[in-house]
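Bear in mind the structure is a predicted one, so any value in this text is a computation, not a measurement.
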Amino acid sequence: MEISHEYELAELFADPQWKQTERLILGGGSNMLFIKDFDGLVIRINIRGIKHRVSHNDVFVEAGAGEVWNDLVNFCVDRNYGGMENLSLIPGSVGASPIQNIGAYGVELKDIFDTCDAFEIATGTIKTFTKHDCKFDYRDSVFKSELKGKYIITSVKFQLSLLPNIKLHYGAISEELTKRHITSPTIEDVSEVVSHIRVSKLPDPSTIGNAGSFFKNPVVTLKKFNTVQKKFPAIINYPAGEGLVKLAAGWLIEQCGWKGKVVGNTGTWMNQALILVNHGGATGEEVYSLSSQIIDSVYNKFGVKLEREVNVIG
(Lines give C-alpha, C1' and ligand atoms only; values in the text may rest on other atoms or scores of the structure.)
Protein backbone atom coordinates (compact mmCIF):
# COMPACT_ATOMS: atom_id res chain seq x y z
CA MET A 1 0.00 0.00 0.00
CA GLU A 2 1.34 3.43 -0.96
CA ILE A 3 0.76 6.49 1.21
CA SER A 4 0.90 9.92 -0.46
CA HIS A 5 -0.72 12.06 2.27
CA GLU A 6 -0.74 12.07 6.06
CA TYR A 7 -4.52 11.66 6.24
CA GLU A 8 -4.22 8.33 4.40
CA LEU A 9 -2.30 6.94 7.38
CA ALA A 10 -5.15 7.89 9.72
CA GLU A 11 -7.65 6.23 7.39
CA LEU A 12 -5.50 3.11 7.10
CA PHE A 13 -5.08 2.56 10.83
CA ALA A 14 -8.70 3.40 11.58
CA ASP A 15 -9.57 0.21 9.68
CA PRO A 16 -9.71 -2.64 12.28
CA GLN A 17 -8.36 -5.25 9.86
CA TRP A 18 -4.91 -3.64 9.86
CA LYS A 19 -4.51 -2.95 13.59
CA GLN A 20 -3.17 -6.40 14.49
CA THR A 21 -1.46 -7.10 11.16
CA GLU A 22 2.33 -7.21 11.04
CA ARG A 23 3.55 -4.11 9.22
CA LEU A 24 6.65 -3.08 7.33
CA ILE A 25 7.24 0.61 6.68
CA LEU A 26 9.12 1.11 3.43
CA GLY A 27 10.84 4.22 2.11
CA GLY A 28 13.25 3.65 -0.75
CA GLY A 29 14.09 0.14 0.46
CA SER A 30 17.83 0.71 0.00
CA ASN A 31 18.70 -0.26 3.57
CA MET A 32 16.77 -3.53 3.84
CA LEU A 33 17.87 -7.12 3.34
CA PHE A 34 15.10 -9.70 2.98
CA ILE A 35 16.16 -13.19 4.00
CA LYS A 36 12.55 -14.45 3.89
CA ASP A 37 9.30 -13.29 2.35
CA PHE A 38 7.44 -10.75 4.50
CA ASP A 39 3.95 -11.95 5.43
CA GLY A 40 2.11 -8.75 6.32
CA LEU A 41 1.20 -5.26 5.20
CA VAL A 42 3.93 -3.29 3.41
CA ILE A 43 3.35 0.47 3.66
CA ARG A 44 5.40 2.55 1.23
CA ILE A 45 5.67 6.17 2.29
CA ASN A 46 5.52 8.43 -0.77
CA ILE A 47 4.65 11.79 0.83
CA ARG A 48 6.25 14.44 -1.38
CA GLY A 49 6.93 18.16 -1.36
CA ILE A 50 9.73 20.54 -0.37
CA LYS A 51 9.19 23.89 1.38
CA HIS A 52 11.83 26.40 2.45
CA ARG A 53 11.95 29.56 4.52
CA VAL A 54 14.86 31.98 4.92
CA SER A 55 15.37 33.74 8.25
CA HIS A 56 18.42 36.03 8.21
CA ASN A 57 21.29 33.64 7.42
CA ASP A 58 19.37 30.52 8.44
CA VAL A 59 17.34 28.46 6.01
CA PHE A 60 14.65 26.04 7.16
CA VAL A 61 13.88 23.36 4.60
CA GLU A 62 11.02 20.90 5.14
CA ALA A 63 10.61 17.83 2.93
CA GLY A 64 8.05 15.06 2.74
CA ALA A 65 9.23 11.66 3.94
CA GLY A 66 8.87 10.19 0.46
CA GLU A 67 11.27 12.60 -1.21
CA VAL A 68 14.44 11.01 -2.55
CA TRP A 69 17.28 12.08 -0.26
CA ASN A 70 19.70 13.08 -2.98
CA ASP A 71 17.00 15.11 -4.76
CA LEU A 72 16.67 17.13 -1.56
CA VAL A 73 20.45 17.56 -1.32
CA ASN A 74 20.54 18.84 -4.91
CA PHE A 75 17.62 21.20 -4.20
CA CYS A 76 19.60 22.76 -1.33
CA VAL A 77 23.00 22.82 -3.05
CA ASP A 78 21.50 24.47 -6.14
CA ARG A 79 20.22 27.29 -3.89
CA ASN A 80 23.46 27.56 -1.91
CA TYR A 81 21.84 26.34 1.30
CA GLY A 82 24.82 24.93 3.18
CA GLY A 83 24.95 21.88 5.42
CA MET A 84 23.88 18.90 3.34
CA GLU A 85 26.66 18.86 0.76
CA ASN A 86 28.74 16.18 2.52
CA LEU A 87 25.68 13.90 2.48
CA SER A 88 25.43 13.88 -1.31
CA LEU A 89 24.48 10.69 -3.14
CA ILE A 90 23.40 8.74 -0.04
CA PRO A 91 20.65 6.37 -1.21
CA GLY A 92 17.22 6.30 0.40
CA SER A 93 14.36 8.59 1.32
CA VAL A 94 14.09 11.67 3.51
CA GLY A 95 11.86 9.88 6.02
CA ALA A 96 14.53 7.29 6.74
CA SER A 97 17.26 9.86 7.37
CA PRO A 98 16.51 10.61 11.05
CA ILE A 99 15.77 6.96 11.86
CA GLN A 100 19.26 5.98 10.79
CA ASN A 101 20.91 9.31 11.62
CA ILE A 102 22.59 9.00 8.24
CA GLY A 103 26.10 10.36 7.90
CA ALA A 104 29.09 10.63 5.61
CA TYR A 105 32.37 12.53 5.34
CA GLY A 106 32.28 14.12 8.77
CA VAL A 107 28.61 15.17 8.81
CA GLU A 108 25.62 13.45 10.38
CA LEU A 109 21.91 14.10 9.97
CA LYS A 110 21.71 15.37 13.55
CA ASP A 111 24.05 18.25 12.64
CA ILE A 112 21.41 19.80 10.35
CA PHE A 113 18.22 18.40 11.89
CA ASP A 114 15.57 20.75 13.24
CA THR A 115 12.38 18.71 13.78
CA CYS A 116 10.37 15.92 12.23
CA ASP A 117 6.67 15.11 12.19
CA ALA A 118 5.60 11.52 12.77
CA PHE A 119 2.28 9.68 12.80
CA GLU A 120 1.63 7.80 16.04
CA ILE A 121 0.04 4.49 15.08
CA ALA A 122 -1.68 3.92 18.45
CA THR A 123 -3.48 7.27 18.56
CA GLY A 124 -3.68 8.33 14.91
CA THR A 125 -2.17 11.73 15.71
CA ILE A 126 0.87 13.63 14.43
CA LYS A 127 3.67 14.43 16.88
CA THR A 128 6.60 16.77 16.33
CA PHE A 129 10.00 15.51 17.50
CA THR A 130 12.89 17.83 18.37
CA LYS A 131 16.55 16.88 18.13
CA HIS A 132 16.52 16.12 21.85
CA ASP A 133 13.47 13.89 21.46
CA CYS A 134 15.18 11.85 18.75
CA LYS A 135 18.12 10.79 20.96
CA PHE A 136 20.49 10.66 18.02
CA ASP A 137 23.58 8.49 18.22
CA TYR A 138 25.91 6.94 15.67
CA ARG A 139 23.56 5.44 13.03
CA ASP A 140 20.88 5.34 15.69
CA SER A 141 17.86 7.19 17.05
CA VAL A 142 14.85 6.73 19.31
CA PHE A 143 12.98 5.37 16.28
CA LYS A 144 15.28 2.33 16.23
CA SER A 145 14.93 1.64 19.95
CA GLU A 146 12.05 2.37 22.33
CA LEU A 147 9.82 3.90 19.66
CA LYS A 148 10.53 1.32 16.96
CA GLY A 149 7.34 0.43 15.13
CA LYS A 150 5.28 3.03 16.99
CA TYR A 151 5.66 6.01 14.67
CA ILE A 152 5.82 6.68 10.94
CA ILE A 153 7.80 9.75 9.94
CA THR A 154 5.86 11.96 7.52
CA SER A 155 8.16 14.97 7.07
CA VAL A 156 11.55 16.29 8.21
CA LYS A 157 12.68 19.88 8.71
CA PHE A 158 16.34 20.87 8.43
CA GLN A 159 18.22 23.99 9.53
CA LEU A 160 20.77 25.04 6.92
CA SER A 161 22.77 28.21 6.37
CA LEU A 162 23.50 30.86 3.77
CA LEU A 163 26.95 31.14 5.39
CA PRO A 164 28.02 27.51 5.22
CA ASN A 165 30.68 26.01 7.45
CA ILE A 166 32.35 23.84 4.83
CA LYS A 167 33.82 20.62 6.23
CA LEU A 168 36.74 19.14 4.31
CA HIS A 169 38.67 17.21 6.95
CA TYR A 170 37.10 13.76 6.53
CA GLY A 171 38.10 11.19 3.95
CA ALA A 172 39.52 12.18 0.58
CA ILE A 173 37.63 15.47 0.10
CA SER A 174 40.66 17.76 0.49
CA GLU A 175 42.81 15.51 -1.68
CA GLU A 176 40.25 15.52 -4.49
CA LEU A 177 39.80 19.31 -4.28
CA THR A 178 43.56 19.72 -4.58
CA LYS A 179 43.58 17.51 -7.68
CA ARG A 180 41.00 19.85 -9.17
CA HIS A 181 43.03 22.94 -8.19
CA ILE A 182 40.15 24.26 -6.07
CA THR A 183 41.46 26.35 -3.18
CA SER A 184 38.25 28.11 -2.11
CA PRO A 185 35.57 25.44 -2.49
CA THR A 186 31.86 26.19 -2.60
CA ILE A 187 29.20 23.80 -1.30
CA GLU A 188 28.63 22.81 -4.93
CA ASP A 189 32.32 21.87 -5.22
CA VAL A 190 32.09 19.77 -2.07
CA SER A 191 28.91 18.06 -3.27
CA GLU A 192 30.50 17.24 -6.63
CA VAL A 193 33.66 15.90 -4.99
CA VAL A 194 31.75 13.76 -2.49
CA SER A 195 29.60 12.38 -5.31
CA HIS A 196 32.73 11.62 -7.36
CA ILE A 197 34.37 9.80 -4.45
CA ARG A 198 31.26 7.76 -3.75
CA VAL A 199 30.85 6.76 -7.40
CA SER A 200 34.53 5.75 -7.61
CA LYS A 201 34.16 3.49 -4.57
CA LEU A 202 30.65 2.13 -4.98
CA PRO A 203 29.31 -0.32 -7.57
CA ASP A 204 26.68 0.87 -10.04
CA PRO A 205 23.42 -0.93 -9.06
CA SER A 206 22.35 -0.89 -12.72
CA THR A 207 25.24 -3.21 -13.59
CA ILE A 208 25.76 -5.23 -10.38
CA GLY A 209 23.34 -5.74 -7.53
CA ASN A 210 24.66 -4.74 -4.14
CA ALA A 211 23.59 -4.40 -0.54
CA GLY A 212 25.38 -1.10 -0.06
CA SER A 213 27.52 -0.14 2.90
CA PHE A 214 26.69 -3.15 5.03
CA PHE A 215 28.39 -2.56 8.38
CA LYS A 216 28.64 0.28 10.87
CA ASN A 217 32.06 1.67 11.67
CA PRO A 218 32.64 0.16 15.13
CA VAL A 219 33.14 2.47 18.10
CA VAL A 220 35.45 1.11 20.81
CA THR A 221 36.85 2.37 24.09
CA LEU A 222 40.20 4.11 24.09
CA LYS A 223 41.60 1.22 26.15
CA LYS A 224 40.45 -1.30 23.55
CA PHE A 225 41.81 0.87 20.73
CA ASN A 226 45.25 1.14 22.36
CA THR A 227 45.38 -2.64 22.67
CA VAL A 228 44.50 -3.17 19.02
CA GLN A 229 46.78 -0.38 17.80
CA LYS A 230 49.80 -1.95 19.49
CA LYS A 231 49.32 -4.99 17.29
CA PHE A 232 48.14 -3.10 14.19
CA PRO A 233 49.80 0.37 14.17
CA ALA A 234 48.29 1.35 10.80
CA ILE A 235 44.71 0.92 11.94
CA ILE A 236 42.49 3.74 10.63
CA ASN A 237 40.69 5.60 13.39
CA TYR A 238 38.74 8.75 14.22
CA PRO A 239 37.82 10.42 17.51
CA ALA A 240 34.30 9.48 18.62
CA GLY A 241 33.82 11.40 21.85
CA GLU A 242 35.43 11.25 25.25
CA GLY A 243 37.17 7.93 25.77
CA LEU A 244 35.87 6.51 22.48
CA VAL A 245 37.45 5.82 19.08
CA LYS A 246 35.72 5.00 15.78
CA LEU A 247 37.40 2.42 13.55
CA ALA A 248 37.00 2.08 9.78
CA ALA A 249 35.01 -1.09 9.17
CA GLY A 250 36.13 -1.22 5.54
CA TRP A 251 39.79 -1.23 6.58
CA LEU A 252 39.23 -4.00 9.14
CA ILE A 253 37.43 -6.14 6.55
CA GLU A 254 40.12 -5.51 3.94
CA GLN A 255 42.87 -6.55 6.36
CA CYS A 256 41.10 -9.87 6.75
CA GLY A 257 41.46 -10.50 3.02
CA TRP A 258 37.87 -9.91 2.00
CA LYS A 259 38.23 -7.03 -0.46
CA GLY A 260 37.05 -8.17 -3.89
CA LYS A 261 36.55 -11.75 -2.69
CA VAL A 262 33.84 -13.87 -4.35
CA VAL A 263 31.88 -16.37 -2.26
CA GLY A 264 29.38 -18.32 -4.36
CA ASN A 265 26.98 -15.78 -5.85
CA THR A 266 28.04 -13.07 -3.40
CA GLY A 267 31.18 -11.18 -2.51
CA THR A 268 32.65 -7.85 -1.51
CA TRP A 269 33.22 -4.98 -3.93
CA MET A 270 36.67 -4.73 -5.47
CA ASN A 271 37.00 -1.03 -4.60
CA GLN A 272 35.41 -1.05 -1.15
CA ALA A 273 35.34 -4.07 1.16
CA LEU A 274 32.43 -2.56 3.09
CA ILE A 275 30.09 -3.18 0.15
CA LEU A 276 28.50 -6.60 -0.32
CA VAL A 277 27.56 -7.44 -3.90
CA ASN A 278 25.37 -9.92 -5.76
CA HIS A 279 27.26 -11.50 -8.65
CA GLY A 280 24.04 -13.00 -9.97
CA GLY A 281 21.30 -15.08 -8.39
CA ALA A 282 22.29 -14.53 -4.77
CA THR A 283 19.53 -14.80 -2.18
CA GLY A 284 19.14 -12.64 0.89
CA GLU A 285 20.16 -15.63 2.98
CA GLU A 286 23.43 -15.94 1.05
CA VAL A 287 24.23 -12.25 1.58
CA TYR A 288 23.43 -12.61 5.29
CA SER A 289 25.64 -15.69 5.52
CA LEU A 290 28.54 -13.80 3.91
CA SER A 291 28.09 -10.95 6.38
CA SER A 292 28.25 -13.46 9.25
CA GLN A 293 31.52 -14.87 7.92
CA ILE A 294 32.99 -11.35 7.70
CA ILE A 295 31.87 -10.51 11.25
CA ASP A 296 33.52 -13.67 12.59
CA SER A 297 36.70 -13.04 10.60
CA VAL A 298 37.13 -9.46 11.86
CA TYR A 299 36.42 -10.49 15.44
CA ASN A 300 38.95 -13.33 15.31
CA LYS A 301 41.68 -11.02 13.97
CA PHE A 302 41.02 -7.78 15.85
CA GLY A 303 38.70 -8.69 18.72
CA VAL A 304 36.25 -6.09 17.37
CA LYS A 305 32.61 -7.01 16.71
CA LEU A 306 31.10 -5.52 13.56
CA GLU A 307 27.42 -4.63 13.54
CA ARG A 308 25.21 -4.78 10.46
CA GLU A 309 23.93 -1.39 9.35
CA VAL A 310 21.14 -2.75 7.17
CA ASN A 311 17.72 -3.81 8.46
CA VAL A 312 17.38 -7.56 8.17
CA ILE A 313 13.81 -8.67 7.40
CA GLY A 314 12.82 -12.26 8.04
Side-chain angles (χ1 to χ4, degrees), residues 27-28 30-31 48-118 128-141 143 153-174 176-177 180 182-199 213 217 238-241 246:
S30 60
N31 202 42
R48 298 293 185 132
I50 300 175
K51 299 183 290 186
H52 56 112
R53 175 177 62 86
V54 178
S55 176
H56 302 291
N57 291 319
D58 293 322
V59 185
F60 295 89
V61 179
E62 184 173 7
E67 289 288 340
V68 175
W69 174 260
N70 201 54
D71 289 349
L72 175 63
V73 173
N74 290 336
F75 175 93
C76 295
V77 169
D78 289 346
R79 289 161 177 78
N80 202 38
Y81 301 161
M84 285 190 178
E85 56 276 3
N86 291 51
L87 304 178
S88 295
L89 221 58
I90 293 178
S93 64
V94 168
S97 62
I99 298 174
Q100 182 77 355
N101 185 26
I102 60 173
Y105 298 99
V107 175
E108 289 186 321
L109 185 283
K110 67 179 178 63
D111 300 328
I112 55 173
F113 180 87
D114 185 59
T115 60
C116 70
D117 286 349
T128 298
F129 287 81
T130 65
K131 185 183 295 187
H132 178 265
D133 295 331
C134 291
K135 299 181 181 178
F136 289 125
D137 204 347
Y138 175 60
R139 300 298 177 270
D140 200 9
S141 72
F143 301 109
I153 293 175
T154 57
S155 66
V156 186
K157 184 186 289 185
F158 306 89
Q159 184 174 356
L160 307 177
S161 177
L162 295 176
L163 300 174
N165 177 22
I166 293 178
K167 296 184 178 180
L168 309 175
H169 63 281
Y170 200 101
I173 297 178
S174 293
E176 184 62 31
L177 287 168
R180 299 181 181 210
I182 298 173
T183 55
S184 299
T186 64
I187 64 169
E188 184 177 7
D189 292 328
V190 174
S191 178
E192 288 181 358
V193 163
V194 167
S195 297
H196 170 79
I197 295 169
R198 291 183 70 90
V199 167
S213 182
N217 289 322
Y238 307 95
K246 184 189 296 183

Notebook entry, point to check: For the ring pair F129 and F143, is the centre-to-centre distance below 6.0 Å?
Noted result: yes

Next item on the list: Could you name each residue pair satisfying salt bridge (charged side-chain N to carboxylate O under 4.0 Å, His left out) that touches residues 96-117, not counting sequence neighbours?
Entry: E108-K110, E108-R139

Notebook entry, point to check: Using 30° and 60° as the class limits, which term best fits the ring planes of F136 and F113: parallel, tilted or perpendicular?
Noted result: perpendicular

Next item on the list: Test side-chain contact (heavy atoms from CB on, under 4.5 Å) on N80 and I187 and set out the steps.
Entry: CA-CA 7 Å; N80 202 38; I187 64 169; 3.5 Å; yes

Next item on the list: Can you see which heavy atom on A104 is nearest to which on I90, and at what distance?
Entry: CB-CD1, 4.0 Å

Note to self: If you take the centroid of each ring, where Trp contributes its six-membered ring, are F60 and H52 closer together than 6.0 Å?
What the structure shows: no

Check: Is the shortest heavy-atom distance from the side chain of N101 to the side chain of D140 under 4.5 Å?
Finding: no

Notebook entry, point to check: Is the closest side-chain heavy-atom distance between P185 and L168 below 4.5 Å?
Noted result: yes

Check: Can you tell which of V54, V156, L160, I112 makes a side-chain contact (heavy atoms from CB on, under 4.5 Å) with V61?
Finding: L160

Margin query: Donor-acceptor pair, distance only, cut-off 3.5 Å: does the side chain of S55 make one with the backbone of D58?
Written below: no

Margin query: Is any side-chain heavy atom of R180 closer than 4.5 Å to one of E192?
Written below: yes

Next item on the list: Determine the minimum heavy-atom distance between Y138 and N217, stating which atoms define it.
Entry: OH-N, 2.8 Å

Check: Do you know which two heavy atoms are closest between S155 and E62, and how far apart they sit?
Finding: OG-OE2, 3.2 Å

Next item on the list: State yes or no: are the ring centers of F75 and W69 separated by less than 6.0 Å?
Entry: no

Next item on the list: With the side chain counted from C-beta on, respond yes when Y105 and I197 share a heavy-atom pair under 4.5 Å apart, and no when they do not.
Entry: yes

Next item on the list: Report yes if some heavy atom in the side chain of C116 is under 4.5 Å from a heavy atom in the side chain of F158; otherwise report no.
Entry: no

Check: Would the number of heavy atoms belonging to other residues, nucleotides or ligands and lying under 6.0 Å from NZ of K131 be above 12?
Finding: yes

Checklist line | V190 vs T186 side-chain heavy atoms within contact, under 4.5 Å | finding: no

Item checked: Residues that S191 engages under side-chain contact (heavy atoms from CB on, under 4.5 Å), provided they are two or more places apart -> V77, E85, S88, S195

Notebook entry, point to check: In Å and rounded to the nearest 0.5 Å, what is the OG1 to NZ distance from T130 to K157?
Noted result: 12.5 Å

Note to self: Within the supplied structure, the quantity of interest is the number of heavy atoms (other residues, nucleotides, ligands) at a distance under 6.0 Å from H169 NE2; does it exceed 12?
What the structure shows: yes

Checklist line | Side-chain heavy atoms of S161 within contact of V59, under 4.5 Å | finding: no

Next item on the list: Spell out, as yes or no, whether a donor-acceptor pair under 3.5 Å connects the side chain of S141 to the backbone of P98.
Entry: yes

Item checked: Nearest-0.5 Å distance, CD1 of residue I182 to CG of residue L177 -> 5.5 Å

